[in-house]
Amino acid sequence: MAKVIDSKIPAGPVPEKWKEYKAHQRLVNPKNKLKLDVIVVGTGLAGASAAASLGEMGFNVINLCIQDSPRRAHSIAAQGGINAAKCYQNDGDSVYRLFYDTVKGGDYRAREANVYRLAEVSNNIIDQCVAQGVPFAREYGGMLANRSFGGAQVSRTFYAKGQTGQQLLLGAYSSLSCQVQAGKVKLYTRYEMEDVVIVDGRARGIIAKNLVTGKLERFSANAVVIATGGYGNTYFLSTNAMGCNCTAAVQCYRKGAYFANPSYVQIHPTCIPVHGDKQSKLTLMSESLRNDGRIWVPKKIEDAKALQAGTKQGWEIPEEDRDYYLERRYPAFGNLVPRDVASRAAKERCDKGFGVNNTGLAVFLDFSESINRLGLDVIMQRYGNLFEMYEEITDVFPGDVANEINGVKYYKPMMIYPAIHYTMGGIWVDYELQTSIPGLFAIGECNFSDHGANRLGASALMQGLADGYFVLPYTIQNYLADQAVWPKVSTDLPEFAEAEKKVDAELDRLLNIKGKRSVDSIHKELGHIMWEYVGMGRTAEGLKTGLKKMHELEKEFDENLFVPGTKEGLNIELDKAIHLRDFFTMGQLVAFDALSRNESCGGHFREEYQTEEGEAKRDDENYFYVGCWEYKGKGNEPELIKEPLEYEAIKVQTRNYKN
Ligand SMILES: Cc1cc2nc3c(=O)[nH]c(=O)nc-3n(C[C@H](O)[C@H](O)[C@H](O)COP(=O)(O)OP(=O)(O)OC[C@H]3O[C@@H](n4cnc5c(N)ncnc54)[C@H](O)[C@@H]3O)c2cc1C
């Protein structure tokens, strides 16, 4: 029988759990002049908010990031918004409804109690951010404005134009700076965590590389928190920032932290389609655009063929010949179905030959109806920077009138296609956000905790800030309360020396391969394998082939990689080589998990398991668990450990977005 792990959820009905739990917190009094040190790796929304909060509570925080400023963390890319159950629109929203939508959106594969807690603290996040001065959009009367995101029939998303992540991060950064000034947070920019140091079975520190000097440095603390983001860049092409990597998470996994649900990868429906083989980045067009944009392909195959051949343009196709396929298939949610559903529906149309673009791999996102109804000014107020971004990349401005048919103005539509965007899987954490290594915590996108098999739009920022501002600062104290009697360990301990030696040897190994292939050329090939065999539609055969190809390519990496330069000073190629080494481990983990899960759920779609209508077919009898993986050495299959899911407040059922 597979090993089973405990998520440390206190007993009691779900809504009571978090309240009861909070009552047990041993709050730290900043006046106590605590000598407890915490390392927080990462300064995205999760890391910056956690470091600022811990500093404010009296801990001494060491905060590291790979960018030259915390403000440049990947979180600034977030465009569309952040959810909260404020019910400002008086549309029937509530904590319970946000909780319910999130569990349902995750295809009933999230841990119920965590999601409830997330929904409960969501409102505090908005208050906190407003107090920091985050310039959320407001209604004419001064109330905070809202829009809708996928998987919800209420309007609960708070936003700052199409720059919500940036504005939230500036808020978190100002709190962080306050603590830096107060001497409670020491910031290390351009530092990369290379390993976690375990002493007597507990995480006691890290080895980090100074990315400017190339030197390895040791840091010790009473606890380590990683907030290092997701692993989407395993696929090479994704909407993630180029610097996103999973090295910290994979090193923790190699040291014994379980990795949960790696196969739950989110493919976002509204990205600018791939336009060539020289591309290294994909651009997201925010889901918020689906509030006012309508998604369609031609009804007639001959129109699709003409569009692909370039002999016809989208705006020449009249209303009656357009297939608004999401509105047709899912009348209750229409264009605002969750991302996994919308992505699969786009793929289905394109696979059947109805795709647009010269590749046939795109669908239209059209603003004609909303511009005609609301005027271009209103639409620009809502999405101006997204329209400009689209124009900059494609040379098409979606607010330009292109045609008039029967008195109706048709504007130039955007073309979009699904792309890798977010990873629901991550380091396994218990209810206290502690990993399976005592003293090691994981927050934000790098943990697995709240989104099940599919994350709803605008819920990543909510989770990152919930973890950082409102959950970890309390839960970590349960661990640290017992640590107060222990002195911080010295970085001269053999465990630190050993870890540093290993990292150094790895750098030498990579530099000394002296083969012929660049990091990027191998990474791109890995990306092709991932997309082809471990992407939107997976099969057992394909996953096995993918694993075989990944092993072969990893061998090529080990034998034929070329990294120029030395380990002294700045060496970006060397840093990328380390990341790629870890993307190989990650890619295989995604495939192992996908192969072991003989069902389709959320972002994990096994083609063998689908309904006649092409919807995901779950198998709750056999797969109603969190799949956690334990590392068993390079080249070996990891071991699966199960955390059974228990639902008390929500009835587990088949997702329905039709009515
Ligand atoms: C284009 C785009 C738009 C999005 N829009 C939205 C949206 O509108 N709403 C929403 O809810 N979500 C959105 N998301 C998702 C959301 O932005 C992310 O999930 C979230 O910002 C992740 O935050 P994080 O703090 O966990 O990690 P990140 O922001 O990725 O930060 C990771 C941090 O860890 C550091 N780091 C990484 N590795 C190391 C290492 N080894 N050593 C030291 N430091 C390290 C980095 O320097 C960085 O500071 C979007 C994502 C993308 C790509």
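Counting convention: from 1, in listed order, for ligands and their atoms alike. Residue numbers start at 1 and run along the sequence shown.
- The heavy atom nearest to atom 23 (O) of ligand 1, out of those in Ala458, Ala460, Ser75, is found in Ser75.
- Heavy-atom proximity to Gly80, at under 4.0 Å, picks out these atoms of ligand 1: 7 (C), 8 (O).
- Counting heavy atoms only, His421 comes closest to atom 2 (C) of ligand 1 of the residues His421, His451, Gln79, Arg71.
- Not close to ligand 1: Thr164, with no non-hydrogen atom less than 4.0 angstrom away.
- Considering Gly444, Ala248, Gly81 only, the shortest heavy-atom separation from atom 7 (C) of ligand 1 involves Gly81.
- Shown in contact with Asn240 at under 4.0 Å from a heavy atom are these atoms of ligand 1, numbered in order with element: 53 (C).
- Classification of Asp292 and Arg147 as a salt-bridged pair fails, no side-chain N sitting under 4.0 Å from a carboxylate O.
- Interface of Val41 with ligand 1, defined as ligand atoms under 4.0 Å from a residue heavy atom, comprises 42 (N), 43 (C), 44 (N).
- Looking at atom 17 (O) of ligand 1, its nearest protein heavy atom turns out to be Ala78 CB, 3.5 Å.
- A salt bridge is defined here as a Lys NZ or Arg NE, NH1 or NH2 lying under 4.0 Å from an Asp or Glu carboxylate O, and Arg72 with Asp68 meets this definition.
- By the 4.0 Å N-to-carboxylate-O rule, Asp195 lies too far from Lys502 to be salt-bridged with it.
- Using a 4.0 angstrom heavy-atom cutoff, Ala227 counts as in contact with ligand 1.
- If you look at Ser459 next to ligand 1, the close heavy atoms, those under 4.0 Å, all belong to the backbone.
- Exactly one residue among Thr157, Asn146, Asp93 makes a side-chain hydrogen bond (donor to acceptor under 3.5 Å, both in side chains) with Asn83. That residue is Thr157.
- At the shortest separation from atom 31 (O) of ligand 1 among protein heavy atoms lies Gly44 CA, 3.5 Å.
- The protein non-hydrogen atom at the shortest distance from atom 46 (C) of ligand 1 is Gln67 OE1, 3.4 Å.
- Checking side-chain atoms of Asn291 against main-chain N and O of Ser148 turns up a donor-acceptor pair under 3.5 Å.
- Given atom 53 (C) of ligand 1, the protein heavy atom at minimum distance is His74 CE1, 3.1 Å.
- Contact annotation: Leu45 has at least one heavy atom less than 4.0 Å from an atom of ligand 1.
- Heavy-atom proximity to Thr228, at under 4.0 Å, picks out these atoms of ligand 1: 32 (C), 34 (O), 36 (N), 37 (C), 38 (N), 39 (C), 45 (C).
- The distance from ligand 1 to the heavy atoms of Ala73 drops below 4.0 Å at these ligand atoms: 48 (C), 49 (O).
- Contact of the Ile62 side chain with the Tyr188 side chain is registered, since non-hydrogen atoms from C-beta on lie closer than 4.5 Å.
- Less than 4.0 angstrom separates some heavy atom of Glu192 from each of these atoms of ligand 1: 40 (C), 41 (N), 42 (N), 43 (C).
- Comparing heavy-atom distances from atom 14 (N) of ligand 1 across Gln266, Met462, Arg455 singles out Arg455 as nearest.
- At the top of the distance list for atom 25 (O) of ligand 1, counting protein heavy atoms only, stands Ala46 N, 3.0 Å.
- Every atom of ligand 1 is numbered from 1 in the order shown, and the set under 4.0 Å from a heavy atom of Tyr422 is 19 (O).
- Of the charged side-chain nitrogens involved, at least one lies within less than 4.0 Å of a carboxylate oxygen, so that Glu506 and Arg581 count as a salt-bridged pair.
- Between Thr43 and ligand 1, an N or O atom pair is found at a separation short of 3.5 Å.
- Between Arg117 and Glu120, none of the side-chain N atoms (NZ, or NE/NH1/NH2) sits under 4.0 Å from a carboxylate O, so this pair counts as no salt bridge.
- For the residues Met193, His268, Glu194, the heavy atom positioned nearest atom 42 (N) of ligand 1 is part of Met193.
- Ion pairing of Arg204 with Glu495 is absent here, as no side-chain N (NZ or NE/NH1/NH2) approaches a carboxylate O to less than 4.0 Å.
- Between Lys567 and Leu574 the shortest side-chain heavy-atom distance falls below 4.5 Å.
- Here the protein heavy atom with the shortest distance to atom 26 (O) of ligand 1 is Glu445 N, 2.9 Å.
- The protein atom (non-hydrogen) at minimum distance from atom 3 (C) of ligand 1 is Leu284 CD2, 3.3 Å.
- Aromatic pair His523/Phe583: centroids less than 6.0 angstrom apart.
- For atom 10 (C) of ligand 1, the closest heavy atom belonging to the protein is Leu461 CG, 3.2 Å.
- Checked by distance only, ligand 1 and Gly457 stay at 3.5 Å or farther apart across all their nitrogen or oxygen atoms.
- At a 4.0 Å heavy-atom cut-off, ligand 1 touches Tyr191 through the backbone alone.
- There is a side-chain donor-acceptor pair under 3.5 Å between Lys184 and Asn60.
- Between Gln79 and the options Asn385, Leu289, Leu284, Thr164, a side-chain contact (heavy atoms from CB on, under 4.5 Å) holds for only Leu284.
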Given Tyr474 and Tyr469, is the ring pair (Phe, Tyr, Trp, His ring centres under 6.0 Å) satisfied, shown in steps? CA-CA 9 Å; Tyr474 298 100; Tyr469 285 135; over 10 Å; no

Give the intermediate values and the outcome of side chain to side chain contact (heavy atoms under 4.5 Å, CB included) for residues Val185 and Ser177. CA-CA 8 Å; Val185 175; Ser177 300; over 6 Å; no

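- Using 4.0 Å as the threshold, Thr247 has no heavy atom nearer than that to any atom of ligand 1.
- Close approach of ligand 1 to Gly229 is summarised as follows: ligand atoms under 4.0 Å from at least one heavy atom of the residue are 27 (O), 30 (O), 32 (C).
- With respect to the salt-bridge test (charged N to carboxylate O, under 4.0 angstrom), the residues Asp127 and Lys86 qualify.
- The main-chain N or O of Val40 is found under 3.5 Å from a side-chain atom of Asn63 such that the two form a donor-acceptor pair.
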